[in-house]
Structures are given as C-alpha cells and as structure tokens.
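Report on the structure given below.
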Amino acid sequence: MKRSIPLAIVIILGFLFVGYVFIPHKISSDFYEWYMEWMKAMSPFGVILGIMSIIMTHTARIQHKVPNWQYSIVTLIAMIFTAYAGFAWGTQEGTPFMWLFKNVQMPMGATMFSLLAFYIASASYKAFRARSAEATVLLLAAIIVMLGQVPVGVSLFGEGINDITHWILNVPNLASKRGIALGVGLGMVATSLRILLGIERTYLGGGE
Amino acid sequence: MNIFERLQMLDRRWIFLVVAIAIIVPLIIPFNSKTYTTEPTEKLYRLIDSFAPGQDEKPIEKDRALLLVFTHDASTMSELFPMEVAILRHCFARKIKVFTLTFLPSAAPIMDYAINTVKEEFPEVKSGEHYVNFGYKIGALMLPIILGMGEDISEAVDIDAEGRKISSLPIMKNIKNYNEMNLIMDFSGSSAGGAWIVYARSKFGANVGAGVTAVMAADQYPYLQTGQLTGMLAGLKGAAEYEKLVDVFATNQDPAKREFSRELLKDTKYDDAITNPNIKTKFKQARIGMNAQSVAHIMIIVFILIGNIGYFITKYKQKQQG
Amino acid sequence: MKCVKLYIFGFIVALLFSVGVQSNDLYAAPKAITDIKVIDIPNDDGTGLQIEWKALPKESRIISYRIYRGTSKDTLFFIGEIPINVKTGANSASMSYYDKDYNEFLDIRSPGRLKPEKKAGKTGPFYQKIPKDMKIVGPMLKDYSILGVIAKDEYYHKTKKITKIVNEKEQTYAGLKSSQITLVKKLIPGKEYFYSIIAVDEKRNYWPAETVASGKPIDNEPADPADFYATYLPETQTLSFEWGHPLSYDDINTYKIFVKSANDAAPGKLIYESNTPQPYASPDYAILKLQDQKVVKSGNVLFDFSKTSVDQCEFYIMFTDYSMLSSMSQPITAKYISKSDLPVIPRLNIIDKKNDKGDYNTLFWGKPVAYINSVQTVGKNTIQLSYDYGANCGYKVNQIYFDIYDKDNKLIKKVNEFFQDNIFKVKLDQSMEEQGELKVKIRFKYNGEVDEDYVIDQKLVYDSAIMSLRPSKISVDGRVLEDFNFTLMKKTQNTPLYRSLKKVSGIERESDDKVAYESSIFKGVSEYSLENNMFLVDTNIDVYWNKDTQSTISTSIYVSEKDNVVNKIKQQIAEVEGLIEKTNVPAEIEYYELYLTKFKNDLVAIESDNLLKEINSISNEKLRMKKIASIREVDKRKFNYFMMMSNGKGYVVEDSLNINEDGELDYVIPVSNWFDMEKLPTLIASLLFGMLVFVFVTLARKGKNLYIRPIAGIDEIDNAIGRATEMGRPILFCPGLSGIGDVATLAGLSILGRIAKKAAEYDTRILVPCRDYIVIPIAQEIVREAHFEAGRPDSFDKNNVFFVSDQQFAYVAGVNGVMLREKTATNFYMGMFYAESLIMTETGSTTGAIQIAGTDAVTQVPFFITTCDYTLIGEELYAASAYLARQPLMLGTLKAQDYAKFFILLFLILGTILSSFHITTIINIFPNK
C-alpha cells in the first residue's frame, strides 16, 4: 500500500498531463490551470521543510559537539535574525532585511561567482594537456577562442581570428551541443516513460 | 624534482595569485591598447547615428528616435552597463532623441543611473526634450505596450517616470510610432529582443537591436544572421567597440569629423583613449575591462603552454629513463 | 576556538552597526513636501485628477512618495506609491501622480480593519489602504463610482439574496462578501477630493507633507479633433473621412460631421452622425455615398452638393461626450482622388483558430507577401539578403522566387527559395556602393502552383549613412503596400456599431482575435448591508440577444425573482404613462412616446420569449443558472468581423460585409479543439517509442541478451564507493540545483538510490546537501529505504540529507564547506547544474576526492569534464539508473532509446539529402515549434 498509492498517483497524474500536451480543449486547460493554482499554494509549505532540516541538522551538530560545531551557531543565529528582521520591519526598500540582503547576501553571492575566474584558470591549467590528438584539438580550439575574444588576439593574428572563433563556436561547438541535446531529449522521454509506467521506482525510496 | 616536474605539480594558489594580479593591475594602472571595431557594432553605430539631426535641423524637429529597453538586473551590469552608457553618450552628444523603458522593477534604478551618469557631462541635454525615461511598466503590460506603440507611443505608454503625460512633451513632436521610433535596443542577460522581434519587428517593421552578455551572444547570432536583429553588442567587447566609435566620431572635437568614416577609424591617434585624461573613466569602463580580460586570457594561455611544456618534457624524460 | 569567537564577535558587531545606521539621522536636508497641487485633468470625462508636487532634493535620501486620498481632510487612505532611486533622486523638479480611470478600491489584500500609518502619527489623518470593514467602506461607496468585479461562479451560485429598502422601495439584491468581489473606483465629477503625500526616506522614516490639498474633477469637453481628412471620389460619388484617434476618448459619445460652403459664414449642415461603441475603441472613419450629388438619410436630403460642389465646401468634425460637451475641428476641404489612388482591398476571411482552447478566431486576407529586410556584406562583393515573409492559412507557400536586377534592369541572379530559412546570398560584380541600386521581383509558388501574375517589387538603394543597401517599401502593381493599413473591426449581435480591434500594417496577412471565455461579471456597487457584512449588486443578468424580437433578454439570477425584469418594465411603462398624462407639451409627449414604445416592445419580447420560459420552468436554482450560463456564454462570444483599409489621410476602402447564406450578418464563435493536430507527429513518435520499449522489454524478459554500450563513469561508481570505504571517509552526493519537476533531478535521485544502497552495505556515510525543499524528504526517504534494504537501519541518520540554502551561491559555499571539513573521499554530482558547477568540482579536486558527475546541462559539461574523473554526458545520466539496475525492464528502455536515436538520425540524413534536391516534404511534416 505504502508504495502502490503514490505510484498510482504518479501514473494517473502523469498520463493526465501527457494528455494536456495533446489536448488544447478548455476542459484540459482549465484542469491544468486549477492544478497550477494548487502548486502555487503548496510550494510555500516546502519552505517549512527546509527550515526544519536546517534547524535539525545544526542543533544535532551543536548537541554532539562535532568538529566546527560553532559554525552551526552562526548559521542558526543568522537565519533567525534575518527572518526576524523580515517579519518585524518588512522586506521593503530601506528596511534592515533589505540592508542585509544588499550588503551581506549580494556581495557574498558575487564573491562566490567571481571565484569562477580563478577556478577556470586553474582548471584549464590542469586539464588542457596535449595528451592525445583529440586533446590537442581541444587545446588549440580553446586558445583560438580565448584569443578571439580579446583585442590582443586581433593585434597578434589579424582580424581572421574573429572569423575562426565564430566558426568554432557556430559549427563544431554547436553541432556537438545539438547532438547532446538530442540525446538528452530522448533520455528525458525514456526516463519519463519509465516513471510513468512504474518501471523506475527508485525515486519513491528503496529498491525495485 | 626539477623545475618542470614542479611546474606540473604547481600549487593552484599560485595560479589564483597570478590571475588576481592579472585582473587587478590593468584595472588600477591604465595602459593603452587598440580596440578593433567589428561590423555588427559599426553597423549599429551607423544606424543610430543616422537618427542624428542634420546641421541645419533643430533636434526637436527630427523624426527619428531610439528606444533603449533595460531587461537586466545588477548581476549582469558589469557587461551591459558600459553599453548603455556608450549608447546614451552617443545620443546625447549627437542630439539623437532617445527613450528608455523597462519591464523589470530591478532595472529601473540601473536605468536612472545610466541616464544620470551620462547627463552630468551634457548639461544642455533636457529631459522631455532630448530624452524621456518612460520608467518601469509592469510586466503584464509588456505586450499591450509593445503592440500599442505600433500605433501611438503617447497612448501606449501614457505617463513617463516623472509622472508627465508623454503626449505633452516636446520630444514627441514628429514621433508617433515605430515608423519614427525606428530602433529598439534591448539589453538583457538572457535572450534579448524576443518579444520585440516577434511583435515590434514582424508586425510593424521596427528595427530591433540587442545588447547581450558574452555568454549569451552565441545563442543570439542566428537572429543576427537572419536579419531579425539589426545589430548586436556582445559583452564587454561590443561595449568597448561602441565606446571607441563614440570617442572617435560622436564626441570628436572637429564637427566635420562626426560622420562615420573608415579612414578616421584607422587613425592611430585615437588609440590612446585609456590614458587620455580628457576622456572620463566612466566612458572607457569597457575598454579598461577589456584590458583586464586580455591580460587574463593571455595569462591563462601562458599557463596552458607552460603546463604543456612541462608535460612534454617530463614525458620525454620518462621515456628516456624507461 | 579563538578564531570562531572572533567570527561571532564580528557578526554581532556587523548587526549592531546595521541597527545603528538605522537609527542615526545623518542628513539634515528637508524631508517634508510643502507644496501640493491638485489639478483637473483636461479633456477628460470628469473622473481624473493630477496631483503635482515639488520633488525633494537628492540629499533628502527619499526612496518613495506615498500618495493618500480621502473625501475629508482628516481621513486619507493610501492609494499608491512612486519609488525613487535614492542615489540619483527624482529626475525632474516636479512629480505627478494621476488618479484617473477605474483603479484599485478594495481587493483581497486590503486590511481587515482601519489601520493608521503609525510612523506618520497614530491618530491620522494618514491610514493604510481602505479597509474591508463594512462600517468604514460601506458609507464610502457613495463618494465614488464603484464597479465590482466578480468571478462568474461566485455570482451565478454563491450570492445571498438580500432585500433592502432603498428610496422607500423594497429592492432585492445579490449580496457578496468582500472576499468574493474586487472593487475598482472612478472619481465622481464635481466632488471634492483631498490628497496628501508622505515622503519615505531610506531609513523608512515617514515624512508627511505639511499640507492637505483638495480638488474637484471636472467634466471637460473632448480634446480638439486633429488629423481630420476628407477625400472625394467623383467616379462613385463617395465622400470619405478619416480622423485621428482622440487621445482621451473614454467619454466621447458621438462623432458628427458638418459641411458648409467655403464662402458662407452660416453654421454648417450635419451630414453624418455616428455613436461610438463605448467602452471599446471606435473605428475613426466615415464613408458617405452620395445619391445624385445629395446626402440623403431616411428620405431627407441633408445637403445638396449639386448646388455647392464638393471642392467649394468645407468640412469639420465634432466630438460630443455624454454630458453634451463638444469640440470642433478646423474646417478642411476634401481632396479629389481617382479610383487608381485607392488600393484594392483583399477579402477578409474568418475561421476558427485551429488547435486551440477555443478562444481565438483567425482573420486572414490577401495573397502572401515577402520582402527583403536587411542586407549584409559577407565577403568581397557578396551580399547576404535576409527576408521576411507573411503568409496566411489560405495559402501554403511552397517556394519563393527572387529575381534580382541591377539598376539597368539587367538580371543578376534568380533565386529559388524552396526552404524558408530567410537568408540567401548574391554575388555582385562590384561593391554595394558602386552598384547603387538593386531591383528585386518576388513571385510565389503556393498551394502547388506558381502565380505568375502576382509580382512584388522592391528596391534596395545604397544609403551612405549606413554604408549599405537599404531595402525600400514593397509594391504590387505600383501600389506601395506599407502606405496603407488594415483596420480590423468586430461587433456583437446587440449593436450596429463595429468596434476597432486593431490596426495592422499593409504587409500583414493574418491576425488572431482573442475571444476570451467569460470569467468575471461586472456590476456597479452602490449599496451595502451592514448586518450581513456584504456588498449589494443588481440581480439581473443578460441571457441572450433574441434576433427575432431584436431585444436583449435578461432575467434575475434567483428563481423567486424571475419576474423581476418584467415587473420593472411594467413599472417603467406606468411611470412614463404618468409623465405623458401630466404634460401637454407636444415635443415632450413625442419624446416620452418613443420610450413607451420601446418599453412595450421589450415587454412583449420578454413575455413571449420561449427560451426564457424554458429557463424559468426550471425550479432548481443551480440547474437554472447552469442553463442560463450555457446560453449566455455562447451568445456573448459571437462576433461579426469587418475590415477596412486606409492610409490615415482619408483614402479609405471598405471590405464587403461578412454575410451568411440567409443574407444575414454572419456571427462566428470559436471552437474548443480536442486534439492539437500540430502535435500529431510528436504523438506518433511517442507511440512508436513506446512500442519499441515494449518490444525490447519483452525480448529482454524472454532472456535475450541485450548489448548495452559500456559507460566508464557508471562502471566506476562501485570503485568510487569502495575507495571511500577504504579511506573511512564519507561520500558526497549532490542531486543538482533544480527542483523535483526536472527529469534530471529524478534521474539523479534514482542513481542516489543505487549508490546509497551500496554505501549502506559498506557502512559508509553518505551526505546529501539539497537546494530544493521538496527534494529533501524524497532524498531522505530514498537513503532510509536503502539502509533498510541493506539491513543496516541503525546506521541511517536523517541529518545526513540536509537543506543548505535555496540561493545558488550560498548553496555552493555550503557544499564546498562540507567537502573541506568532512574530507569527502568521493563526490557525485548528478542532476541539473548551472554556473556553480566548476566552483564545486574544482574544490572537490583540491581535496583529492574522486569525482563522478552527470548532467544534462550542455553548458556545464566542459567544466565537469575538465575537473571530474568521470562525467556522464547528457543522456548517460538518464541511462545510469537503468544501467546500474541491470534488469530486463530497464535495459529494454535503454535499447529502445538507441533505436529511436537511430531513427532520428535516419530522418536527419534523409531530410538533409531530400531538401538539397528541393524536396521539402519530410521537413514540412514536422511542426515548427
């Protein structure tokens, strides 16, 4: 029972939504809209799951005094304070919540994002080795594209480098992207079909 | 362990340090580098420049205008903001009528910021006469506004960001719909121009241009190829090119040289922009940024080469030993 | 430990600082507005006011202006807000707010009780939005003209019948709670309204303005008509007029056109009068057919042009609004035109839009058009021409022929566009500048035949400003298409007036018209019931238009009140009869008689209406309303369409009316479709794929050995788990950043199931940080089940599957922290990833972990390949779970997938080859979307 009811829900709703794709009729789109309203109403409850998970994980860490448990205190305080700031003063422009968002959340996010520049450098240093013929092609393409993006490239090799860069991006690169996209599309259909037909049930927990 | 083996095992923190220096130094210490302009940018520049009033013409009388649409938030500002500033500077310098509009609440402050940044340098430019900020309109109104502007801009937009009736503004003289407001530039971090291409372009024949981040440029090229996009500025590079064109032509000291010409572009005396104190830093942000990008790209390429040299020598040695 | 204390200290200092900044007042610039003006909006219907005030300087650090309105000085309610960029301040010296048209009065977000803006003083006069409290909002209803918007089901079935004595008469109303109705308001002309403004600074302090200003909206005459044009076509004796759409047309009731002799000082004669289809936009043109040079209306000669010829006459137009205020245009003369100046208008066709929900009609007209839209250089003297083409459902374009000539009419190239990719290239002998001009002739092959008589001409002229050839306007038979626009119109059955739908360019060939399903009912609201806590609205509803009696049949929504409408008409008849008896002025009697006849006709129509009798024979309220709805909703969506073509300057051509076989106007209604035919290929492909799965699953069950290509990344999963076990360190599993609705996440979670089971068997800890709330319990359940199956329920710890953050980069920071602190030996990344992928994997590779990634995000694949030991690219992610399971059912689907891919490739190659030989059948099978 514990498995078969959820499975039945998945299969029935799954086929209904497949039907929605092919049936433009008012009944079908009204059903879809009605369902979407419920989705919107349901999703805020998910936040509770997240908050509970954070509280449970971190209180357990503090209780068991696992290494670096102090960080958990910071996390909990930050969470409670931010939530309090939002509830007490609102979330409009000019409130403490907005201040925290603009001066803590945004710069920290931007910092993480800018790490990419460093990591791309170190990753390409390690990865781009002319180990084989294919790797050499990859390496050369990477260098040409990188040069094509900056004026130095044109200074060194003339305007032709722009055309080569465009060609690399638009022909071999696009071709392989489309090839992958094709496989992804089929893979999605196959996986969805497995789930719809109840062949794949791992996502419900447990084995077959 | 010899030097090559050491290079092979190089601690990545050294790489981080070098990258940091390579990026920060060009930003702090300016140096000149040549900016090469490409055809899509030049084409866009020339189209916008063709909206400029003639020598004997009053700017208000001109029946051409440009609409800038801001469809991005602060996260992609580093790439898109220099473009917006460069185009606004072009418009203000050449007295081209320009409108600004956004459907994103988070873009409204950026729009204000861009206008004010450029306006400071052009005290003679007046809101309502040379430009109008249509302001933020809610997303639900996007389609009605895009379609409505095909008939009558004053009616579709109604009120500008300062609360004035559009129809009462002097700038609207000779400007009615897309026939006059002939170019729309959409700046976006994702797919730019979408709705404008579908509605303003195919229904009313308006020209649509796009300003996009470098990452998204590849996805937008097909539209450029099919002519659905009239022009495109891609990332910091596009912005840098436009900055240069504005420097060379639109703000040229000699009024006779303000029209586009290939010969003038080849003149090397315009290559000292970055160290030229007469050009405000805010008007060369993209070119300074491109300097940093150039150095960083070169650094990475150098690292790759060093890594490969190390790899081959080590392999060669192993072969000899083995 | 010391370090951690420092962290906490720093955090608290930061918090204190932030609060400190909040309470410190660093600026001394003025904050309160001193001068507010309330101005009547000109040319409107008397329902609009403009509130104007002087903007505060940038130094005041204002982030928004909040506007308040009331009908007395001491109670003002919040009505709107204008945000200001704190850094730059307001852009101009004066700010405005327009309080006009129907806008928000009361809705679901309104507060339940009266709430003062505490920051601006607890005792008023500033209050938050108008509250739902009937004691307060009820008496306010009379101060505005209020419209209620009610969801149709609420109005049909969920109202309460309430009787109330109004004007000493007992009236029945439908009562609705504030949660069932949204109220919008308009100001009442001539009534005084009070306004004030609060400036809000960046610390959210409220600075009320020093004054409360007041003003009265005044009903003004409409704006002066502009752009009025007249033309006269002597061949057909047709006078045509066209005028600009008035800016504020919300209360224009009639258009009148007058004529007078140019030398005559006397006032003009009325020759045309038409009502406007309020509240919809009106088509702004008129066509008068003269009879023997005379304007004749119902037998009366209104003007005789044989006495004063058209060229000696002046025309002017008058706009009149509902209060009989009017404005007049400048006199103009008619321009003489000939038939050849006018375009030939194509026939308008209307069909139901295919494959839709049934809320669109497709309107189409004319033959397809194509035109060059841009020219680019793509090499020495080679140009690339892009073109657009507009076709409609009447024509299936097979091929487009472009013949390119130089300026001396020498043919340069013939291009045959069989596949419309909208680009082709032309090689010129010289540069664009030297070429100067190109001429393009465009012809079509449509519906299988070449139309040789239909040729579109276009010139490409060199423009030195853009240094390129610029496409010019297109023409057919010498008539430029872009010079004329089409105006599409439609009307319902109960009115003779067409409303203007939209104006489309002369090169458009198709347009969809939305005929929305009715979802809301609009009713005026002026009464309320305090004891029921309800707003009261009228109970009558239109049922349908009876075309035999030419009247709208309406009835009450309550069975008990079904004779309501009849009684009301009878009452009106009695009243009018009373009036006739009282007066003896013949003009008044004539006027009243008109009404009397109308009311009597209505009475007969309603009493004799069979459909209404049928409705009223149903005694069950719900069934009766359902019957009414089923008739009403069909009837309201019937439209007759009409089209005209003009250049905005009086060159007007009308299409003929759309008439059915019986000679009556043809009213169409869109149909809701049961199957989207455009998706038929998708359905067939899906069914074929399903069949392939079935075949291979059956084969696998029968024990046939199915070969599956080995995937290194998947084969290596076991070793990676083993490595973590050997090292005694945990495994990290990252299920991607998207939610449970993404198939990639589902695929990732399926793999988690297999990995968690292995890990549980080896007794290795598995950490699953999540970004999506809904994924947490699912992942927990999967890991828990895996532990149970492995026979180690005791080793399951719920807290190993945990939530980090739903912010992208905060999540990455959290995961990186876990990697560094827990020293995970094996990291799996399975699902959807964005820009953060490299930051995670690069950190993972620093800690020396074995990393296996799987994603369908094409843009992130390169990052995974460079930093991970194994990467499952795209479809391999989806295959992984099935591959690991090694069950016939699962393997069957994998095998089917391979064959499906084979078929797709087959079609790709076939399509490419065939279309190279101009055979586009295969390509055209597939839908464009």
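By convention in this document, chain letters (A, B, ...) are assigned in the order of the sequence lines, proteins followed by strands, and residues within each chain are numbered from 1.
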Report the C-alpha distance between A:Y125 and B:R12 in whole Å, list the side-chain angles of each, state the deciding distance to 0.1 Å, and finish with yes or no for side-chain contact (heavy atoms from CB on, under 4.5 Å).
CA-CA 9 Å; A:Y125 172 69; B:R12 73 190 74 210; over 6 Å; no
Could you measure the distance from the CE atom of B:M290 to the CD atom of A:Q149? Nearest 0.5 Å is fine.
8.0 Å
So, do B:I300 and A:M146 sit near enough that their side-chain heavy atoms are less than 4.5 Å apart?
yes
Can you tell which part of B:T38 gets under 4.5 Å to a heavy atom of chain A, answering side chain, backbone, both or neither?
side chain
Side chain, backbone, both or neither of A:L169 within contact of chain B (heavy atoms, under 4.5 Å):
neither
By a 4.5 Å heavy-atom criterion (distance strictly below it), what part of A:L139 contacts chain B: side chain, backbone, both, or neither?
side chain
If we only count heavy atoms from C-beta on, is the B:K237 to A:V150 side-chain gap below 4.5 Å?
no
Closest heavy-atom contact between B:V19 and A:A117?
CG1-O, 4.4 Å
Can you measure from CZ (A:F118) to CD1 (B:I23) and round to the nearest 0.5 angstrom?
5.5 Å
B:Y36 versus A:P151, closest heavy-atom pair with distance:
CE1-O, 3.7 Å
Please state whether the side chain, the backbone, both or neither of A:N162 comes within less than 4.5 Å of a heavy atom of chain B.
side chain
Could you please state which residues from residues 301-310 of chain B sit under 4.5 angstrom from chain A, measuring non-hydrogen atom to non-hydrogen atom, sorted by number, or 'none'?
B:I301, B:F303, B:I304, B:L305, B:G307, B:N308
Chain A heavy atoms under 4.5 Å from B:A20: which part of the residue, side chain, backbone, both or neither?
both
